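Before any comments, here is the structure.
Atoms considered below: every heavy atom in the structure, side chains included; atoms not considered: hydrogens, waters and symmetry mates. Source: prediction; values computed, not measured. Both ligands and their constituent atoms are indexed starting at 1 by order of listing.
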Amino acid sequence: MSKYIFVTGGVVSSVGKGITAASIGTLLKSRQIAVSVQKLDPYLNVDPGTMSPYQHGEVFVTQDGAETDLDLGNYERFIDINLTGESSVTSGQIYSAVIAKERRGDFLGGTIQVVPHVTTEIKERFKQLAEKSKAEVVIIEVGGTVGDIEGQPFLEAIRQMRNDVGRDNVLYVHVTLLPHLNSTQEVKTKPTQHSVNELRRIGIQPDIIVCRSDYPISQEIRNKISLFCDVGRTAVIPLPTVSTIYEVPLLLEEEGLGQLIVDKLGLGTRQSDLRQWQELVNLIKTPREPVNIALVGKYVELKDAYFSVREALRHAVLYHGKDIKLNWVPSETLETNGDYSVLRSAQGILVPGGFGIRGIEGMIKAATYARENNIPYLGLCLGMQIMVIEFARYVLGSNKPNSTEFDANTPYPVIDLLPEQKGKVAKGGTMRLGNYPCQLVDGSHAAIAYGQSLVYERHRHRYEFNNKYRDKLGKAGMVFSGLSPDGRLVEVCELANHPWMVSSQFHPEFTSRPGHPNPLFRDFIGVAKDILREGAQPPLPLSPPD
Ligand code: GLN
(Lines give C-alpha, C1' and ligand atoms only; values in the text may rest on other atoms or scores of the structure.)
Protein backbone atom coordinates (compact mmCIF):
# COMPACT_ATOMS: atom_id res chain seq x y z
CA MET A 1 0.00 0.00 0.00
CA SER A 2 1.22 3.50 -0.82
CA LYS A 3 2.06 6.03 1.85
CA TYR A 4 1.02 9.65 1.54
CA ILE A 5 2.74 12.96 2.12
CA PHE A 6 0.39 15.94 2.16
CA VAL A 7 1.92 19.34 1.56
CA THR A 8 -0.06 22.40 2.63
CA GLY A 9 0.88 26.06 2.59
CA GLY A 10 0.35 28.83 5.08
CA VAL A 11 0.74 32.57 5.63
CA VAL A 12 0.96 33.61 1.96
CA SER A 13 0.47 32.05 -1.44
CA SER A 14 3.41 31.50 -3.81
CA VAL A 15 5.49 30.51 -0.81
CA GLY A 16 7.27 27.71 -2.64
CA LYS A 17 4.98 24.83 -1.79
CA GLY A 18 5.19 23.40 -5.29
CA ILE A 19 8.96 23.44 -5.35
CA THR A 20 9.02 21.93 -1.85
CA ALA A 21 6.67 19.12 -2.91
CA ALA A 22 8.77 18.54 -6.04
CA SER A 23 11.96 18.55 -3.98
CA ILE A 24 10.54 16.02 -1.53
CA GLY A 25 10.03 13.87 -4.61
CA THR A 26 13.67 14.39 -5.57
CA LEU A 27 14.85 13.37 -2.10
CA LEU A 28 12.77 10.20 -2.12
CA LYS A 29 13.71 9.30 -5.67
CA SER A 30 17.36 9.78 -4.77
CA ARG A 31 16.79 6.94 -2.29
CA GLN A 32 15.26 4.72 -4.96
CA ILE A 33 11.79 5.19 -3.58
CA ALA A 34 9.11 5.17 -6.30
CA VAL A 35 7.03 8.33 -6.04
CA SER A 36 4.12 9.96 -7.74
CA VAL A 37 2.70 13.42 -7.21
CA GLN A 38 -0.71 15.01 -7.30
CA LYS A 39 -1.77 18.63 -7.21
CA LEU A 40 -5.14 19.63 -5.75
CA ASP A 41 -6.37 22.95 -7.11
CA PRO A 42 -9.28 24.48 -5.20
CA TYR A 43 -10.70 26.54 -8.06
CA LEU A 44 -13.96 25.54 -9.73
CA ASN A 45 -12.61 25.42 -13.27
CA VAL A 46 -12.44 21.82 -14.41
CA ASP A 47 -8.89 22.47 -15.59
CA PRO A 48 -6.79 25.57 -16.17
CA GLY A 49 -7.10 25.12 -19.97
CA THR A 50 -9.50 27.99 -20.38
CA MET A 51 -7.88 30.33 -17.87
CA SER A 52 -5.88 33.32 -19.01
CA PRO A 53 -2.14 32.87 -18.59
CA TYR A 54 -2.23 36.15 -16.68
CA GLN A 55 -4.46 34.50 -14.09
CA HIS A 56 -2.79 31.21 -13.87
CA GLY A 57 0.59 31.21 -15.57
CA GLU A 58 1.47 28.43 -17.95
CA VAL A 59 -0.85 25.54 -18.68
CA PHE A 60 1.33 22.46 -18.41
CA VAL A 61 0.32 19.58 -20.69
CA THR A 62 0.92 15.99 -19.65
CA GLN A 63 1.73 13.22 -22.10
CA ASP A 64 -1.87 11.98 -22.01
CA GLY A 65 -3.11 15.45 -22.89
CA ALA A 66 -4.34 16.83 -19.58
CA GLU A 67 -4.14 20.61 -19.27
CA THR A 68 -2.75 21.16 -15.80
CA ASP A 69 -1.18 23.50 -13.31
CA LEU A 70 2.40 24.56 -13.90
CA ASP A 71 3.44 22.84 -10.69
CA LEU A 72 3.16 19.55 -12.55
CA GLY A 73 5.98 20.77 -14.76
CA ASN A 74 8.13 21.25 -11.68
CA TYR A 75 7.27 17.76 -10.44
CA GLU A 76 8.25 16.26 -13.80
CA ARG A 77 11.50 18.22 -13.96
CA PHE A 78 12.51 17.60 -10.35
CA ILE A 79 11.61 13.94 -10.19
CA ASP A 80 12.24 13.13 -13.86
CA ILE A 81 8.93 11.34 -14.30
CA ASN A 82 6.09 11.62 -16.78
CA LEU A 83 2.82 12.25 -15.00
CA THR A 84 -0.71 11.85 -16.31
CA GLY A 85 -4.02 13.64 -15.90
CA GLU A 86 -4.59 11.75 -12.64
CA SER A 87 -1.98 14.01 -11.06
CA SER A 88 -4.13 17.06 -11.48
CA VAL A 89 -7.34 17.38 -9.46
CA THR A 90 -9.49 20.49 -9.23
CA SER A 91 -12.61 21.30 -7.22
CA GLY A 92 -14.33 21.69 -10.58
CA GLN A 93 -13.60 18.05 -11.45
CA ILE A 94 -14.65 16.82 -8.03
CA TYR A 95 -17.93 18.69 -7.94
CA SER A 96 -18.86 17.78 -11.50
CA ALA A 97 -18.17 14.11 -10.76
CA VAL A 98 -20.28 14.19 -7.59
CA ILE A 99 -23.13 16.00 -9.31
CA ALA A 100 -23.00 13.61 -12.30
CA LYS A 101 -23.28 10.67 -9.86
CA GLU A 102 -26.20 12.32 -8.11
CA ARG A 103 -28.00 12.82 -11.45
CA ARG A 104 -27.40 9.18 -12.29
CA GLY A 105 -29.04 8.21 -9.03
CA ASP A 106 -25.90 6.64 -7.56
CA PHE A 107 -26.64 7.95 -4.09
CA LEU A 108 -30.02 6.27 -3.73
CA GLY A 109 -32.01 9.29 -2.62
CA GLY A 110 -29.46 10.46 -0.07
CA THR A 111 -28.68 14.09 0.72
CA ILE A 112 -25.45 14.99 -1.01
CA GLN A 113 -23.00 16.81 1.23
CA VAL A 114 -19.43 18.04 1.25
CA VAL A 115 -18.75 15.50 3.99
CA PRO A 116 -18.86 12.66 3.11
CA HIS A 117 -19.65 12.78 -0.62
CA VAL A 118 -17.23 15.41 -1.82
CA THR A 119 -14.45 14.29 0.51
CA THR A 120 -14.94 10.67 -0.53
CA GLU A 121 -14.64 11.66 -4.17
CA ILE A 122 -11.41 13.51 -3.36
CA LYS A 123 -9.96 10.55 -1.50
CA GLU A 124 -10.87 8.29 -4.42
CA ARG A 125 -8.53 10.41 -6.56
CA PHE A 126 -5.67 9.87 -4.10
CA LYS A 127 -6.23 6.14 -4.12
CA GLN A 128 -6.62 5.94 -7.90
CA LEU A 129 -3.27 7.62 -8.43
CA ALA A 130 -1.65 5.39 -5.79
CA GLU A 131 -2.97 2.26 -7.44
CA LYS A 132 -2.25 3.28 -10.98
CA SER A 133 1.24 4.62 -10.37
CA LYS A 134 2.14 1.83 -7.90
CA ALA A 135 4.20 4.47 -6.13
CA GLU A 136 5.56 3.67 -2.71
CA VAL A 137 4.92 7.26 -1.70
CA VAL A 138 2.36 9.64 -3.20
CA ILE A 139 3.06 13.30 -2.57
CA ILE A 140 -0.07 15.43 -2.62
CA GLU A 141 0.13 19.20 -2.73
CA VAL A 142 -2.93 21.15 -1.65
CA GLY A 143 -3.13 24.34 -3.70
CA GLY A 144 -3.92 27.66 -2.07
CA THR A 145 -3.32 28.65 1.51
CA VAL A 146 -4.72 27.15 4.69
CA GLY A 147 -7.80 29.17 5.62
CA ASP A 148 -9.06 29.65 2.05
CA ILE A 149 -12.76 28.86 1.82
CA GLU A 150 -12.36 26.79 -1.35
CA GLY A 151 -9.64 24.63 0.10
CA GLN A 152 -11.69 23.33 3.03
CA PRO A 153 -13.00 20.10 1.42
CA PHE A 154 -9.47 19.16 0.35
CA LEU A 155 -8.10 19.73 3.84
CA GLU A 156 -10.94 17.74 5.37
CA ALA A 157 -10.21 14.91 2.94
CA ILE A 158 -6.51 14.81 3.80
CA ARG A 159 -7.40 14.84 7.48
CA GLN A 160 -9.64 11.81 7.02
CA MET A 161 -6.83 9.97 5.27
CA ARG A 162 -4.97 9.60 8.54
CA ASN A 163 -7.72 7.32 9.84
CA ASP A 164 -8.37 5.67 6.50
CA VAL A 165 -4.85 4.45 5.87
CA GLY A 166 -3.35 4.66 9.35
CA ARG A 167 -1.22 7.18 11.15
CA ASP A 168 2.06 5.63 10.12
CA ASN A 169 1.22 5.95 6.48
CA VAL A 170 0.59 9.66 6.26
CA LEU A 171 2.73 12.68 6.83
CA TYR A 172 1.66 16.32 6.90
CA VAL A 173 4.20 18.89 5.76
CA HIS A 174 3.27 22.54 6.18
CA VAL A 175 5.19 25.20 4.26
CA THR A 176 5.05 28.70 5.71
CA LEU A 177 6.74 32.06 5.38
CA LEU A 178 8.68 33.75 8.16
CA PRO A 179 8.45 37.47 7.42
CA HIS A 180 11.30 39.79 8.35
CA LEU A 181 10.79 43.11 10.08
CA ASN A 182 13.31 45.69 9.00
CA SER A 183 12.70 47.96 11.98
CA THR A 184 13.71 45.34 14.52
CA GLN A 185 15.80 43.16 12.21
CA GLU A 186 13.78 40.15 13.25
CA VAL A 187 12.34 37.11 11.58
CA LYS A 188 8.81 36.63 12.89
CA THR A 189 7.10 33.35 13.72
CA LYS A 190 3.60 34.51 14.67
CA PRO A 191 1.99 34.09 11.22
CA THR A 192 3.33 30.52 11.18
CA GLN A 193 1.84 29.87 14.61
CA HIS A 194 -1.51 31.19 13.41
CA SER A 195 -1.37 29.13 10.29
CA VAL A 196 -0.63 25.97 12.26
CA ASN A 197 -3.49 26.84 14.62
CA GLU A 198 -5.76 27.09 11.60
CA LEU A 199 -4.66 23.63 10.50
CA ARG A 200 -5.19 22.20 13.97
CA ARG A 201 -8.65 23.72 14.11
CA ILE A 202 -9.62 21.34 11.33
CA GLY A 203 -7.81 18.47 12.95
CA ILE A 204 -4.47 18.38 11.21
CA GLN A 205 -1.31 18.54 13.27
CA PRO A 206 1.65 19.05 10.93
CA ASP A 207 4.54 16.64 11.34
CA ILE A 208 7.07 18.86 9.59
CA ILE A 209 7.15 22.61 9.07
CA VAL A 210 9.22 23.99 6.21
CA CYS A 211 9.98 27.65 6.89
CA ARG A 212 10.62 29.86 3.89
CA SER A 213 12.50 33.02 4.58
CA ASP A 214 14.57 35.64 2.81
CA TYR A 215 16.74 35.85 5.92
CA PRO A 216 18.73 33.31 7.94
CA ILE A 217 16.72 31.42 10.53
CA SER A 218 18.45 31.05 13.88
CA GLN A 219 18.30 28.00 16.14
CA GLU A 220 16.32 30.10 18.57
CA ILE A 221 13.61 30.73 15.99
CA ARG A 222 13.52 27.04 15.15
CA ASN A 223 13.12 26.17 18.82
CA LYS A 224 10.33 28.66 19.15
CA ILE A 225 8.42 27.20 16.21
CA SER A 226 9.02 23.72 17.57
CA LEU A 227 7.58 24.73 20.94
CA PHE A 228 4.58 26.73 19.76
CA CYS A 229 3.64 24.51 16.88
CA ASP A 230 4.36 21.23 18.64
CA VAL A 231 6.70 19.67 16.12
CA GLY A 232 10.09 18.12 16.86
CA ARG A 233 13.07 20.47 16.63
CA THR A 234 14.53 18.55 13.74
CA ALA A 235 11.18 18.80 12.01
CA VAL A 236 11.44 22.58 11.65
CA ILE A 237 13.23 22.86 8.35
CA PRO A 238 14.49 26.26 7.24
CA LEU A 239 14.36 27.02 3.55
CA PRO A 240 16.06 30.31 2.74
CA THR A 241 15.55 31.97 -0.63
CA VAL A 242 18.08 30.69 -3.14
CA SER A 243 19.22 31.89 -6.54
CA THR A 244 18.20 28.70 -8.32
CA ILE A 245 15.23 26.49 -7.56
CA TYR A 246 17.36 23.45 -8.37
CA GLU A 247 19.27 24.05 -5.13
CA VAL A 248 16.18 23.44 -3.00
CA PRO A 249 16.49 19.62 -2.85
CA LEU A 250 20.10 19.96 -1.72
CA LEU A 251 19.23 22.43 1.03
CA LEU A 252 16.37 20.29 2.28
CA GLU A 253 18.57 17.20 2.27
CA GLU A 254 21.25 19.07 4.20
CA GLU A 255 18.66 19.98 6.83
CA GLY A 256 17.81 16.31 7.17
CA LEU A 257 14.38 16.36 5.55
CA GLY A 258 14.96 13.22 3.45
CA GLN A 259 16.00 11.12 6.43
CA LEU A 260 13.24 12.55 8.58
CA ILE A 261 10.57 11.54 6.05
CA VAL A 262 12.06 8.09 5.61
CA ASP A 263 12.11 7.61 9.40
CA LYS A 264 8.64 8.96 10.02
CA LEU A 265 7.09 6.86 7.27
CA GLY A 266 9.18 3.82 8.20
CA LEU A 267 10.63 3.50 4.72
CA GLY A 268 13.85 1.93 6.01
CA THR A 269 17.30 3.40 5.66
CA ARG A 270 18.34 3.97 2.13
CA GLN A 271 21.30 6.00 1.05
CA SER A 272 20.49 9.09 -0.90
CA ASP A 273 22.47 9.88 -4.03
CA LEU A 274 22.16 13.49 -5.05
CA ARG A 275 25.47 13.72 -6.90
CA GLN A 276 23.84 14.71 -10.19
CA TRP A 277 21.95 17.51 -8.47
CA GLN A 278 25.08 18.71 -6.78
CA GLU A 279 26.89 18.79 -10.11
CA LEU A 280 23.99 20.62 -11.70
CA VAL A 281 23.91 23.26 -8.98
CA ASN A 282 27.71 23.65 -9.04
CA LEU A 283 27.48 24.30 -12.75
CA ILE A 284 24.62 26.77 -12.32
CA LYS A 285 26.68 28.66 -9.77
CA THR A 286 29.78 28.82 -11.95
CA PRO A 287 29.92 32.10 -13.85
CA ARG A 288 29.24 31.37 -17.50
CA GLU A 289 29.11 33.51 -20.59
CA PRO A 290 25.50 34.40 -21.40
CA VAL A 291 23.70 33.60 -24.63
CA ASN A 292 21.38 36.43 -25.56
CA ILE A 293 17.91 35.19 -26.45
CA ALA A 294 14.90 37.34 -27.31
CA LEU A 295 11.60 35.74 -26.33
CA VAL A 296 8.92 37.49 -28.37
CA GLY A 297 5.50 36.75 -26.91
CA LYS A 298 2.28 38.29 -25.77
CA TYR A 299 2.23 37.40 -22.07
CA VAL A 300 5.82 38.40 -21.31
CA GLU A 301 4.84 40.62 -18.37
CA LEU A 302 4.10 37.46 -16.43
CA LYS A 303 7.15 35.23 -16.65
CA ASP A 304 5.22 32.27 -15.22
CA ALA A 305 3.22 32.19 -18.46
CA TYR A 306 6.34 30.71 -20.10
CA PHE A 307 7.62 28.72 -17.13
CA SER A 308 8.61 25.55 -19.00
CA VAL A 309 10.08 27.52 -21.91
CA ARG A 310 12.35 29.41 -19.55
CA GLU A 311 13.37 26.22 -17.78
CA ALA A 312 14.05 24.46 -21.09
CA LEU A 313 16.29 27.36 -22.15
CA ARG A 314 18.13 27.10 -18.84
CA HIS A 315 18.67 23.37 -19.34
CA ALA A 316 19.96 24.00 -22.85
CA VAL A 317 22.47 26.72 -21.94
CA LEU A 318 23.79 24.62 -19.07
CA TYR A 319 24.40 21.77 -21.49
CA HIS A 320 26.68 24.09 -23.49
CA GLY A 321 28.35 25.50 -20.36
CA LYS A 322 26.68 28.86 -20.95
CA ASP A 323 24.33 31.16 -19.09
CA ILE A 324 21.16 32.75 -20.45
CA LYS A 325 20.33 36.38 -20.90
CA LEU A 326 16.66 36.31 -21.67
CA ASN A 327 15.17 39.43 -23.18
CA TRP A 328 11.39 39.42 -22.78
CA VAL A 329 9.96 41.27 -25.76
CA PRO A 330 6.25 42.13 -25.76
CA SER A 331 5.42 41.39 -29.39
CA GLU A 332 3.07 44.35 -29.63
CA THR A 333 5.98 46.77 -29.19
CA LEU A 334 7.49 45.50 -32.44
CA GLU A 335 4.25 46.36 -34.18
CA THR A 336 3.74 49.84 -32.87
CA ASN A 337 7.15 51.40 -32.93
CA GLY A 338 8.98 49.04 -35.26
CA ASP A 339 12.00 49.36 -32.99
CA TYR A 340 14.19 46.35 -33.56
CA SER A 341 17.01 47.44 -31.27
CA VAL A 342 16.02 44.73 -28.82
CA LEU A 343 16.47 42.12 -31.55
CA ARG A 344 19.81 43.46 -32.69
CA SER A 345 21.67 42.04 -29.72
CA ALA A 346 19.79 38.71 -29.82
CA GLN A 347 21.79 35.63 -30.74
CA GLY A 348 18.56 33.71 -31.07
CA ILE A 349 14.86 34.54 -31.32
CA LEU A 350 12.19 32.38 -29.75
CA VAL A 351 8.46 32.73 -30.41
CA PRO A 352 6.50 30.63 -27.90
CA GLY A 353 2.90 29.38 -27.90
CA GLY A 354 -0.17 31.53 -27.53
CA PHE A 355 -3.77 32.09 -28.48
CA GLY A 356 -5.61 35.04 -30.02
CA ILE A 357 -4.69 37.80 -32.41
CA ARG A 358 -3.04 40.29 -30.08
CA GLY A 359 0.63 40.80 -30.87
CA ILE A 360 0.66 38.45 -33.86
CA GLU A 361 2.02 40.98 -36.37
CA GLY A 362 4.91 41.77 -34.02
CA MET A 363 5.81 38.08 -33.84
CA ILE A 364 5.71 37.90 -37.64
CA LYS A 365 8.12 40.85 -37.77
CA ALA A 366 10.45 39.04 -35.38
CA ALA A 367 10.35 36.00 -37.68
CA THR A 368 11.11 38.16 -40.73
CA TYR A 369 14.04 39.63 -38.84
CA ALA A 370 15.35 36.18 -37.94
CA ARG A 371 15.00 34.92 -41.52
CA GLU A 372 16.57 37.93 -43.20
CA ASN A 373 19.43 38.27 -40.75
CA ASN A 374 20.20 34.57 -40.38
CA ILE A 375 19.45 34.67 -36.66
CA PRO A 376 18.64 31.26 -35.13
CA TYR A 377 14.92 30.96 -34.55
CA LEU A 378 12.92 28.50 -32.51
CA GLY A 379 9.14 28.55 -32.90
CA LEU A 380 6.94 26.67 -30.45
CA CYS A 381 3.42 25.84 -31.58
CA LEU A 382 2.11 29.33 -32.34
CA GLY A 383 5.77 30.14 -33.08
CA MET A 384 5.66 27.59 -35.92
CA GLN A 385 2.44 29.01 -37.29
CA ILE A 386 4.05 32.47 -37.22
CA MET A 387 7.06 31.16 -39.12
CA VAL A 388 4.79 29.64 -41.77
CA ILE A 389 2.71 32.83 -42.14
CA GLU A 390 5.87 34.91 -42.41
CA PHE A 391 7.44 32.68 -45.02
CA ALA A 392 4.22 32.49 -47.03
CA ARG A 393 3.96 36.29 -47.07
CA TYR A 394 7.51 36.45 -48.38
CA VAL A 395 7.04 33.72 -51.00
CA LEU A 396 3.63 34.89 -52.20
CA GLY A 397 4.65 38.55 -52.13
CA SER A 398 1.56 39.50 -50.16
CA ASN A 399 0.77 40.48 -46.59
CA LYS A 400 -2.47 38.53 -46.73
CA PRO A 401 -1.38 35.00 -45.80
CA ASN A 402 -2.56 34.27 -42.29
CA SER A 403 -4.04 31.74 -39.93
CA THR A 404 -7.82 31.59 -39.97
CA GLU A 405 -7.57 32.00 -36.19
CA PHE A 406 -6.55 35.62 -36.84
CA ASP A 407 -8.21 36.35 -40.18
CA ALA A 408 -11.14 34.14 -41.02
CA ASN A 409 -11.36 35.56 -44.57
CA THR A 410 -7.73 35.46 -45.61
CA PRO A 411 -7.28 34.46 -49.27
CA TYR A 412 -4.22 32.42 -48.18
CA PRO A 413 -5.18 30.38 -45.09
CA VAL A 414 -1.74 28.81 -44.63
CA ILE A 415 -2.72 27.79 -41.09
CA ASP A 416 -6.24 26.49 -40.78
CA LEU A 417 -8.53 24.05 -39.06
CA LEU A 418 -8.64 20.56 -40.52
CA PRO A 419 -11.79 19.90 -42.55
CA GLU A 420 -13.14 17.58 -39.85
CA GLN A 421 -12.66 20.26 -37.17
CA LYS A 422 -14.69 22.85 -39.00
CA GLY A 423 -18.14 23.44 -37.64
CA LYS A 424 -17.24 22.31 -34.15
CA VAL A 425 -14.97 25.02 -32.94
CA ALA A 426 -16.71 25.44 -29.60
CA LYS A 427 -13.64 26.29 -27.57
CA GLY A 428 -12.10 23.38 -25.74
CA GLY A 429 -13.54 20.57 -27.84
CA THR A 430 -11.23 20.60 -30.83
CA MET A 431 -7.78 20.86 -29.36
CA ARG A 432 -5.06 18.43 -30.27
CA LEU A 433 -3.70 17.61 -26.82
CA GLY A 434 -0.88 15.46 -25.50
CA ASN A 435 1.61 13.10 -27.11
CA TYR A 436 1.55 12.47 -30.84
CA PRO A 437 4.16 10.64 -32.91
CA CYS A 438 6.28 12.60 -35.32
CA GLN A 439 8.40 11.13 -38.09
CA LEU A 440 11.52 13.18 -38.78
CA VAL A 441 13.11 13.62 -42.19
CA ASP A 442 16.67 12.29 -42.40
CA GLY A 443 19.38 14.90 -42.46
CA SER A 444 17.10 17.74 -41.25
CA HIS A 445 18.05 19.92 -38.29
CA ALA A 446 15.22 18.30 -36.37
CA ALA A 447 16.42 14.76 -37.10
CA ILE A 448 20.00 15.71 -36.23
CA ALA A 449 18.80 17.24 -32.95
CA TYR A 450 16.77 14.21 -31.86
CA GLY A 451 19.19 11.61 -33.24
CA GLN A 452 16.26 9.32 -34.01
CA SER A 453 13.54 9.26 -36.60
CA LEU A 454 10.37 8.77 -34.55
CA VAL A 455 9.70 11.05 -31.60
CA TYR A 456 6.75 11.75 -29.34
CA GLU A 457 6.07 15.26 -28.15
CA ARG A 458 3.15 17.04 -26.50
CA HIS A 459 0.63 19.19 -28.32
CA ARG A 460 -1.89 21.84 -27.33
CA HIS A 461 -3.38 23.64 -30.29
CA ARG A 462 -6.36 23.79 -32.54
CA TYR A 463 -4.95 24.94 -35.90
CA GLU A 464 -2.66 23.08 -38.31
CA PHE A 465 -0.47 23.72 -41.30
CA ASN A 466 -2.65 23.82 -44.44
CA ASN A 467 -1.37 21.15 -46.84
CA LYS A 468 -2.54 23.15 -49.88
CA TYR A 469 0.57 25.26 -49.41
CA ARG A 470 3.05 22.47 -48.84
CA ASP A 471 4.20 22.32 -52.42
CA LYS A 472 4.61 26.02 -52.97
CA LEU A 473 6.39 26.75 -49.68
CA GLY A 474 8.46 23.58 -50.05
CA LYS A 475 9.74 24.65 -53.45
CA ALA A 476 10.68 28.04 -51.98
CA GLY A 477 12.86 26.43 -49.31
CA MET A 478 10.68 25.39 -46.42
CA VAL A 479 11.50 21.86 -45.30
CA PHE A 480 8.71 19.89 -43.65
CA SER A 481 11.06 17.97 -41.49
CA GLY A 482 8.59 16.40 -39.09
CA LEU A 483 5.30 14.82 -40.14
CA SER A 484 2.66 12.67 -38.52
CA PRO A 485 3.35 9.04 -39.51
CA ASP A 486 0.53 9.16 -42.08
CA GLY A 487 2.23 12.21 -43.59
CA ARG A 488 -0.82 14.34 -43.16
CA LEU A 489 0.11 16.77 -40.41
CA VAL A 490 3.14 19.04 -40.44
CA GLU A 491 4.74 18.78 -37.00
CA VAL A 492 8.12 20.41 -37.64
CA CYS A 493 9.27 22.80 -40.33
CA GLU A 494 12.56 24.51 -41.01
CA LEU A 495 14.21 26.67 -43.63
CA ALA A 496 16.78 25.21 -45.99
CA ASN A 497 18.74 28.41 -46.60
CA HIS A 498 19.15 29.51 -43.04
CA PRO A 499 21.61 28.49 -40.31
CA TRP A 500 18.85 27.25 -37.96
CA MET A 501 15.25 28.32 -38.27
CA VAL A 502 13.25 25.44 -36.86
CA SER A 503 9.74 25.30 -35.46
CA SER A 504 7.48 22.66 -34.09
CA GLN A 505 3.72 22.39 -33.91
CA PHE A 506 4.25 20.60 -30.58
CA HIS A 507 5.62 22.06 -27.34
CA PRO A 508 9.12 20.65 -26.86
CA GLU A 509 9.54 22.65 -23.64
CA PHE A 510 7.38 20.19 -21.70
CA THR A 511 9.83 17.31 -22.03
CA SER A 512 12.98 19.21 -21.19
CA ARG A 513 14.69 18.20 -17.94
CA PRO A 514 17.69 19.54 -16.09
CA GLY A 515 20.53 17.38 -17.30
CA HIS A 516 18.63 16.33 -20.45
CA PRO A 517 17.61 19.44 -22.35
CA ASN A 518 15.03 18.93 -25.06
CA PRO A 519 17.00 18.37 -28.31
CA LEU A 520 15.44 21.31 -30.19
CA PHE A 521 16.27 23.72 -27.36
CA ARG A 522 19.74 22.21 -27.06
CA ASP A 523 20.56 22.70 -30.73
CA PHE A 524 18.92 26.11 -30.92
CA ILE A 525 21.28 27.31 -28.19
CA GLY A 526 24.13 25.31 -29.74
CA VAL A 527 23.88 27.44 -32.89
CA ALA A 528 22.89 30.70 -31.16
CA LYS A 529 25.86 30.68 -28.79
CA ASP A 530 28.28 31.13 -31.69
CA ILE A 531 26.44 34.01 -33.32
CA LEU A 532 28.07 37.39 -32.87
CA ARG A 533 25.69 40.28 -32.38
CA GLU A 534 25.69 43.98 -31.77
CA GLY A 535 27.59 44.82 -28.63
CA ALA A 536 29.38 41.47 -28.46
CA GLN A 537 33.15 41.13 -28.50
CA PRO A 538 34.55 38.94 -31.25
CA PRO A 539 36.90 36.30 -29.85
CA LEU A 540 40.53 37.43 -29.85
CA PRO A 541 42.53 35.97 -32.75
CA LEU A 542 44.95 33.33 -31.52
CA SER A 543 47.63 34.53 -33.88
CA PRO A 544 48.06 37.92 -35.50
CA PRO A 545 46.46 38.16 -38.94
CA ASP A 546 48.90 37.83 -41.85
N1 GLN B 1 -3.43 29.40 -31.23
C2 GLN B 1 -2.76 28.36 -31.95
C3 GLN B 1 -3.67 27.16 -32.16
O4 GLN B 1 -4.63 26.99 -31.46
C5 GLN B 1 -1.47 27.96 -31.25
C6 GLN B 1 -1.67 27.37 -29.89
C7 GLN B 1 -0.43 27.30 -29.05
O8 GLN B 1 0.56 27.96 -29.35
N9 GLN B 1 -0.43 26.51 -28.01
O10 GLN B 1 -3.44 26.36 -33.01
F510 and F60 aromatic centres sub-6.0 Å: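 Yes - the distance between ring centres of F510 and F60 falls below the 6.0 Å cut-off.
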
Main-chain N/O of I531 paired to Q347 side chain as donor or acceptor, under 3.5 Å: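 Confirmed, Q347 side chain pairs with I531 backbone.
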
Does S444 use its side chain to pair, donor to acceptor, with the backbone of A447 at less than 3.5 Å?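 A pair under 3.5 Å: yes.
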
Kindly indicate whether a cation-pi arrangement holds for R344 with Y340, taking the cut-offs as under 6.0 Å to the six-membered ring centre and within 45° of the axis.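 No, a cation-pi geometry is absent between R344 and Y340.
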
Under 6.0 Å from the six-membered ring centre of Y394 and within 45° of its axis: does the NZ or CZ of R371 meet both?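 Flagged: R371 positioned over aromatic ring of Y394.
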
Can you name the residues that come within less than 4.0 Å of ligand 1, going by heavy atoms only?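 The answer is G353, G354, F355, C381, L382, Q385, E405, R460, H461, R462, Y463, H507, counting any residue whose heavy atom sits under 4.0 Å from ligand 1.
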
Of the options E457, E509, R513, which is the one that meets N518 in a side chain to side chain donor-acceptor pair (under 3.5 Å)?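 One option only clears the test, and that one is E457.
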
